[in-house]
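See structure below.
FYI, side chains are in, hydrogens and waters are out, and symmetry mates aren't considered; it's all heavy atoms of this structure. In the text below, chain A, chain B and the rest are named by the order of the sequence lines, each starting its count at 1.
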Amino acid sequence: MPELPEVETIRHGLSELIGCKVGDIFRSDKKLRIGSTLDLSLLNHKILNKINRRARYLILDFSGEYSLIVHLGMSGSIVLNSKDSATKNKLAQNKIEAKKHTKHDHFICEFNNGARLVFNDPRRFGFIDLIYTQNLWQYKMLAKLGPEPLLAQFNAQYLAKKLCHKKTNIKTTMMDNEIVVGVGNIYINESLFASAISPLRSASSLTKDEIAKLVKNIKNILKKAIKLGGSSINDYVNHEGEKGNFQNNFKVYGNNGKKCLLCNDIITKIVQNGRSSFYCKNCQK
DNA sequence: AAGTAGTCCTGAGTGC
DNA sequence: TGCACTCAGGACTACT
């Protein structure tokens, strides 16, 4: 499932499209989580100026006029099919070819350099929305977001202020996009383990030291995941159709019933607000 | 106001 | 083999 490191990996991978002009566009008639505000065909002949990421949203700016906002949801992927990557990486290209005509391709955009951007999402939790760039930061889903976890604004002092009156458990709280963005289920489970904090603790019960440790570990774990190209559980592939490698570094996520790497106790799985949490009762207090 | 539960969706996994 | 069922999860909406 694409979380911040996966989206960042894709953003980086798409940068070769910057400066290219849009050719043909395909849009499936399948309903995604939300429909597009503007007609996607408005992108015809526009030039891709830049690609940004905010939280888990990819934002593609076209000619300074239109912004294409992409969220990959649970099972979404963006694959770039170009002549260059075909010669560079035959295996990845084969995977792309296999995906070329699947029923879950919802948006395909061809560029004048021969590249073909394909948005595929079997479960349709993701979406693609086209809006005017001048309205970008008023966009409903971008307007109320908390700080980026890798920027200096997300620090122990900031988090302490946010947590001091929160009665909800720390795990659910840290997945709230108004507190910090892009920290999904995998990375909060791993960060709490690294910080020796139980996911059941109320957010306001954390000490200053624990908050500092948690902030540090969230940053470190996200950075490491980006370096390894994200995590692949079932669906995630990068822009070349390849899987990430961070899943091999999971210490608790999905490891219920297995031994804790630190103390040999058994990793427990619980459900908090409908989401699975994995933790070591012995190490995480 | 803050916290919780329900909702959307399909494919993988499990049990019979 | 094939069917029925459960589970996964981001982020919005609706309810307590």
Can you tell me how far [atom2] of [N] sits from [atom1] of [X], to the nearest Å?
X        : N      : atom1 : atom2 : answer
A/Phe278 : C/dC7  : CZ    : C1'   : 11 Å
A/Leu145 : C/dG10 : CG    : P     : 15 Å
A/Gln272 : C/dG9  : CD    : C1'   : 15 Å
A/Leu32  : C/dC12 : CG    : C1'   : 15 Å
A/Met74  : B/dT10 : CE    : C1'   : 10 Å
A/Ile128 : C/dG10 : CD1   : C1'   : 17 Å
A/Asn189 : C/dA8  : CG    : P     : 12 Å
A/Arg123 : B/dG13 : CZ    : P     : 11 Å

Proximity to the side chain of [X] - top-ranked nucleotide from [options]:
X        : options               : result
A/Lys167 : B/dG3, C/dA11, C/dG10 : B/dG3
A/Tyr253 : C/dG9, C/dC12, B/dG11 : C/dG9
A/Tyr57  : C/dG9, B/dG3, C/dC12  : C/dC12
A/Ser276 : C/dA11, B/dT10, C/dG9 : C/dG9

Indicate whether OP1 or OP2 belonging to [N] is found under 4.0 Å from a side-chain N or O atom of [X].
X        : N      : result
A/Lys269 : C/dA8  : yes
A/Arg56  : C/dG10 : yes
A/Ser75  : C/dA8  : no
A/Lys30  : B/dT10 : no
A/Lys140 : C/dT13 : yes
A/Thr168 : B/dA2  : no
A/Arg275 : C/dA8  : no
A/His71  : C/dG10 : no

Next item on the list: Could you tell me whether a side-chain N or O of A/Asn112 sits under 3.5 Å from a main-chain N or O of A/Lys21, the two making a donor and an acceptor?
Entry: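 Yes: the side chain of A/Asn112 pairs with the backbone of A/Lys21.
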Would you tell me whether [X] and [Y] have side-chain atoms, one donor and one acceptor, within less than 3.5 Å of each other?
X        : Y        : result
A/Ser277 : A/Gln272 : yes
A/Ser41  : A/Asp39  : yes
A/Asn169 : A/Thr172 : yes

Next item on the list: Determine the contact category for A/Asn177: base if any of its heavy atoms lies under 4.0 Å from a base atom, sugar-phosphate if only primed atoms, P, OP1 or OP2 are that close, otherwise nothing.
Entry: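 It contacts sugar-phosphate atoms only.
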Next item on the list: Would you classify A/Lys31 as touching base, sugar-phosphate or nothing, given that sugar-phosphate means primed atoms plus P, OP1 and OP2, and contacts are heavy atoms under 4.0 Å?
Entry: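 Here A/Lys31 touches no strand at all.
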Next item on the list: Please check if atom NZ in A/Lys219 has more than 12 non-hydrogen atoms from other residues, nucleotides or ligands closer than 6.0 Å.
Entry: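 Yes, the 6.0 Å shell around NZ holds more than 12 heavy atoms from other groups.
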Notebook entry, point to check: Do you know the tightest heavy-atom contact between A/Lys259 and A/Ile266?
Noted result: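 Taking every non-hydrogen atom into account, CG-CD1, 4.2 Å.
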Check: With a centroid cutoff of 5.5 Å and a plane-angle limit of 30°, would you call A/Phe125 stacked on C/dA11?
Finding: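 Whether judged by distance or by angle, A/Phe125 falls short somewhere, so it does not stack on the base of C/dA11.
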